[in-house]
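Within every chain, numbering begins at 1; the chains are lettered A, B, ... in the order of the sequence lines, protein sequences first and strands thereafter. Just so you know, these numbers use all the heavy atoms, side chains as well, and skip hydrogens, waters and symmetry mates.
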Protein chains: 2
Amino acid sequence: MSRTQTRREKLAEKEEAILQAATKAFLLGGLKAARMAEIAKAAQVAEGTLYLYYRNKEALFEAVVARHWDDLRRGAQKVVRAETDPVLQLETLASYTLDRIMGDRKLFELTLYLAHAGEGLTAATDRLGYVRVFDGVIERGRSEGVFTASANPKLLRDLFFGTLDYAARSALARGEDAASSRIIETLMTAMLAVLQPRAEDRDPGVEERLERAVARLEAVAERYPAG
Amino acid sequence: MSRTQTRREKLAEKEEAILQAATKAFLLGGLKAARMAEIAKAAQVAEGTLYLYYRNKEALFEAVVARHWDDLRRGAQKVVRAETDPVLQLETLASYTLDRIMGDRKLFELTLYLAHAGEGLTAATDRLGYVRVFDGVIERGRSEGVFTASANPKLLRDLFFGTLDYAARSALARGEDAASSRIIETLMTAMLAVLQPRAEDRDPGVEERLERAVARLEAVAERYPAG
DNA sequence: CTGCTTGCTGAAGCACACTCATTTAGAATG
DNA sequence: CATTCTAAATGAGTGTGCTTCAGCAAGCAG
């Protein structure tokens, strides 16, 4: 029994070694540049052994990326839970996501491979479960009446992640790290414009107040006989 | 003289044949799946000849993608020029871009390769010159005072293209073509929120209207002697 | 000890991108 | 027209690197 445990543990350890070696290799030069022979050597296994754990190079690659996103997702859930106001949650999530993209940019860029190889970027991150954190925040904001229910949730995702993704990449390309707060600010303005469409809806209503004011004054005028 | 022409023309023709064959091959299965041997055969040249025109497979690939974006850029310029109002230009550009992404999605996805291979997606499309059309619209709107000058232009780009890109991809993944107008609408709401920050700035002004209404009624009251 | 299962090995196989010695075709020269 | 000269094209050959597979090791059961 303890033997079986030990055995399984050994397998798990080996898989872990492989994953770590692979992560390192892929980070260094991407999918193409990484060599299976190198990975095997670094993980202290024979080249053929890799194929006992992963169908092929791409499968190994996907495993590496998936693991990373799983970490990210957990982190996102944590920071989001620390807030209660949906708007703040959204902002926190945006900050966190942006920071992580810029911090682990290499691994993030690797995700692009998945995008073309398979079904597209959204579908990829979707499968990786990260967007669910976002969906949760939106859902909550809706049930609390802070966000309107009219906007298409899928579209909100695209607005959010598309902007963050592109912004992170172009900031990195220019080497500007300090731009983060600016990015978040702009994104939030955009998001809230979509999530809380008409100012009048969440306000007693400017038009209505104007109407009432005029009506009141007209009433005043009524009290006097025409001069 | 006409001889020299003929010779050059022959080269140009050959290059064109290669490019077309390559486009077809890359569209079919992406960079990796395409075979140089296939391309050579389709273009009716020897395999070695390909390398006289392009350094390697990737260079050929880049040439294919660049050409496509050049077409797109020209088309974008055309539709934008057909409008005069910057807001409408923006909307037109968004529609056009979305349509093209969804129409030529394969080729669009190929652009992702450039993104990782080189410097990132924004930098890639940047180099491809497409974003310049966008920049032009923003620039114009600013000089006309329709858009505020406060927003960071790079950020606007990322908001615009990031959202369109992600939205197009996720719409395609779900097979919803009819969603276009919805996407544009949402994007425009978001963009305008950033480009025209305070509602009072672009509107005769709610406060002002209130002021006028009250003034009018005060004028009415003046006509009567105090009761 | 003898089979049986599970996991591992690394040399061989194979698919391709790319090179380069050789050939071809067309222009320039006399 | 014959003769060089040169730019362009060829395709068999080379190297690289993923993947496979026949065989080996180590634990376990009877």
Side-chain angles (χ1 to χ4, degrees), chain A residues 1-65 110 113-114 116-117, chain B residues 1-65 110 113-114 116-117:
Chain A
M1 213 217 244
S2 78
R3 289 288 161 74
T4 312
Q5 265 295 32
T6 309
R7 229 206 194 170
R8 278 200 187 154
E9 273 172 17
K10 240 181 183 171
L11 286 196
E13 253 174 52
K14 203 156 272 189
E15 180 157 15
E16 179 60 27
I18 291 174
L19 270 178
Q20 281 192 358
T23 303
K24 211 169 158 189
F26 287 136
L27 275 180
L28 210 60
L31 175 60
K32 199 177 169 188
R35 305 282 148 227
M36 292 303 263
E38 290 285 322
I39 294 172
K41 206 164 127 192
Q44 312 228 46
V45 294
E47 221 172 323
T49 306
L50 298 180
Y51 293 86
L52 297 177
Y53 289 79
Y54 300 94
R55 185 162 36 270
N56 55 28
K57 197 183 183 184
E58 266 192 27
L60 175 54
F61 181 78
E62 279 191 31
V64 166
V65 174
L110 296 186
Y113 276 104
L114 292 188
H116 71 69
Chain B
M1 214 216 251
S2 76
R3 288 288 161 75
T4 311
Q5 266 295 32
T6 310
R7 228 209 192 170
R8 278 200 185 153
E9 274 172 16
K10 241 185 182 168
L11 287 194
E13 253 173 51
K14 204 157 272 189
E15 180 157 15
E16 179 59 28
I18 291 174
L19 270 178
Q20 281 192 358
T23 303
K24 211 168 159 190
F26 288 135
L27 276 179
L28 210 59
L31 176 60
K32 199 177 168 189
R35 306 281 148 229
M36 290 304 263
E38 289 285 322
I39 294 172
K41 206 164 125 193
Q44 312 227 47
V45 294
E47 221 173 323
T49 307
L50 297 180
Y51 294 88
L52 297 177
Y53 289 80
Y54 300 94
R55 186 161 33 273
N56 53 29
K57 197 182 182 184
E58 266 192 28
L60 175 54
F61 180 79
E62 280 191 31
V64 166
V65 174
L110 296 186
Y113 276 104
L114 292 188
H116 71 70

### Message
Expressed as a whole number of angstroms, how long is the span from B/Tyr51:OH to D/dA12:C1'?
### Response
15 Å

### Task
Identify which nucleotide among C/dC18, C/dT9, C/dC8 has an atom closest to any side-chain atom of A/Leu11, counting heavy atoms from C-beta outward.
C/dC8

### Whole angstrom value for the distance that separates P of D/dG15 from CZ of A/Arg35
17 Å

### Query
Base, sugar-phosphate, or nothing for B/Tyr54, non-hydrogen atoms under 4.0 angstrom?
nothing

### Query
So what does A/Lys14 touch, heavy atoms closer than 4.0 Å: a base, only the sugar-phosphate, or nothing?
sugar-phosphate

### Phosphate OP1/OP2 of D/dT10: any B/Thr49 side-chain N/O under 4.0 Å
yes

### Task
Check each of A/Val64, A/Leu52, A/Thr23, A/Leu50 against A/Ile18 using the side chain to side chain contact (heavy atoms under 4.5 Å, CB included) test, and report the only one that passes.
A/Leu50

### Query
Of the nucleotides D/dT19, D/dT10, C/dC8, which one has an atom closest to the side chain of B/Ala46?
D/dT10

### Summary
Closest non-hydrogen contact found for A/Leu31 with A/Glu58 is CD2-CG, 4.2 Å

### Exercise: identify the closest heavy-atom pair between B/Lys32 and B/Lys57
O-NZ, 3.3 Å

## Note on the structure
A/Lys10 atom NZ is separated from D/dA26 atom P, nearest whole Å, by 10 Å

#### Entry: Separation of D/dG11 P from B/Gln44 CD (nearest whole Å)
12 Å

### Sugar-phosphate, base or nothing in reach of B/Ala34, heavy atoms under 4.0 Å
sugar-phosphate

### Query
Taking NZ from B/Lys41 and P from D/dG11, how many angstroms apart are they, rounded to a whole number?
13 Å

### Task
Identify the heavy atoms of B/Leu110 and B/Gly30 that sit nearest to each other, and give their distance.
CD2-CA, 3.9 Å

### Message
Without decimals, in angstroms, what is the distance between B/Leu50 CG and D/dA8 P?
### Response
16 Å

### Message
Can you tell me if A/Tyr53 touches the phosphate of C/dC8, counting only side-chain N or O atoms and a distance under 4.0 Å to OP1 or OP2?
### Response
yes

### Query
Taking CG from A/Leu52 and P from C/dT5, how many angstroms apart are they, rounded to a whole number?
18 Å

### Query
Of the non-hydrogen atoms in A/Asn56 and A/Tyr51, which two are nearest, and what is the gap between them?
CA-CE2, 3.8 Å

### Separation of C/dA15 C1' from B/Glu47 CD (nearest whole Å)
12 Å

